[in-house]
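Inspection log for the structure reproduced underneath, given as structure tokens.
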Amino acid sequence: DVVMTQSPLSLPVTLGQPASISCRCSQSLVHSDGNTYLNWFQQRPGQSPRRLIYRVSNRDSGVPDRFSGSGSGTDFTLKISRVEAEDVGVYYCMQGTHWPQTFGQGTKVEIK
Amino acid sequence: QVQVVESGGGVVQPGGSLRLSCAASGFTFSTYGMHWVRQAPGKGLEWVAFIRYDGNKEYYVDSVKGRFTISRDNSKNTLYLQMNSLRPEDTALYYCACWAPGGSYWGQGTLVTVSS
């Protein structure tokens, strides 16, 4: 199975400052169809998760443009350009290229 | 408006069975693959199973293979998860979810507790 390793696991951030989460995979996420199926999910406290980013860098509908995804192959990053209070929660990378699909351990973003 | 509502969770003894259901509305259920994702108390997300839009292909995480079966009834817009030979480590909140173009659809989850 593909192992997804996120860092850091805990990320205290000052409001208005940037934040960055890394996701490294144990094998390439490039699918035979040429796409890279790397998603980012956000889970706010007490809520169900929601997808923010799909296929590395595509924002889902309604996701603020302060969120951006980048990367290729086995190394990926989620960036928040200026953290807001509503961004508090746990962020997960997830790969959909290989079966079984797998999530990272999660990164908890909190306000300092 | 999209709605995804899971049901069927509860407390069951080790070795027992449960059948989870997920009723979907507000989107064309029959055209989307569907997932079950679980979250043990205080833990992260774990992908469990997927079924193709037409029900003709399924995938499972290794830890549930041979014990869980995912299925769907497109005429009822409903997804199922039959869980047999349950173990304490299956205790979790089980979410039904769909990765759709432009977003994802999730329910609120149904809690499964495996305990004697």
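Note that this is a predicted model, so its numbers are computed, not measured. Throughout, protein chains are lettered first and strands after them, A, B, ... in sequence-line order, and every chain is numbered starting at 1.
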Chain A interface, residue from [options] that has the most non-hydrogen pairs under 4.5 Å:
options                              : result
B/Tyr105, B/Phe50, B/Tyr60           : B/Phe50
B/Ala49, B/Gly102, B/Gly109, B/Gly44 : B/Gly102
B/Leu93, B/Val37, B/Val48, B/Leu45   : B/Leu45

| query | Does A/Asp60 pair with A/Arg50 as a salt bridge, N-O distance under 4.0 Å? | reply | no
| request: In plain terms, say whether A/Arg66 and A/Glu86 are close enough for a salt bridge, that is, a side-chain N and a carboxylate O under 4.0 Å apart. | output: yes
| task | Considering only heavy atoms and a distance below 4.5 Å, find which of A/Pro49, A/Ser61, A/Gly106, A/Gly62 pairs most often with chain B. | result | A/Pro49
| said: Hydrophobic cluster membership, with links at side-chain heavy-atom distances under 4.5 Å among I/L/V/M/F/W/Y: are A/Trp40 and A/Val88 in one? | reply: yes
| note | Separation between CD (A/Gln27) and CE (A/Met4), nearest 0.5 Å, reads 10.5 Å
| query | So what's closer than 4.5 Å to chain A heavy atoms on B/Gln39: side chain, backbone, both or neither? | reply | side chain
| request: Decide if atom CZ of A/Arg24 counts as having more than 12 heavy atoms of other residues, nucleotides or ligands within a radius under 6.0 Å. | output: no
| query | Per the ring pair (Phe, Tyr, Trp, His ring centres under 6.0 Å) rule, which among A/Tyr54, A/Phe67, A/Phe103 passes with A/Phe41? | reply | A/Phe103
| query | Non-hydrogen atoms of chain B under 4.5 Å away: do they reach the side chain of A/Gln43, the backbone, both or neither? | reply | side chain
| query | Is chain B contacted by the side chain of A/Asp1, its backbone, both, or neither, given a heavy-atom distance below 4.5 Å? | reply | side chain
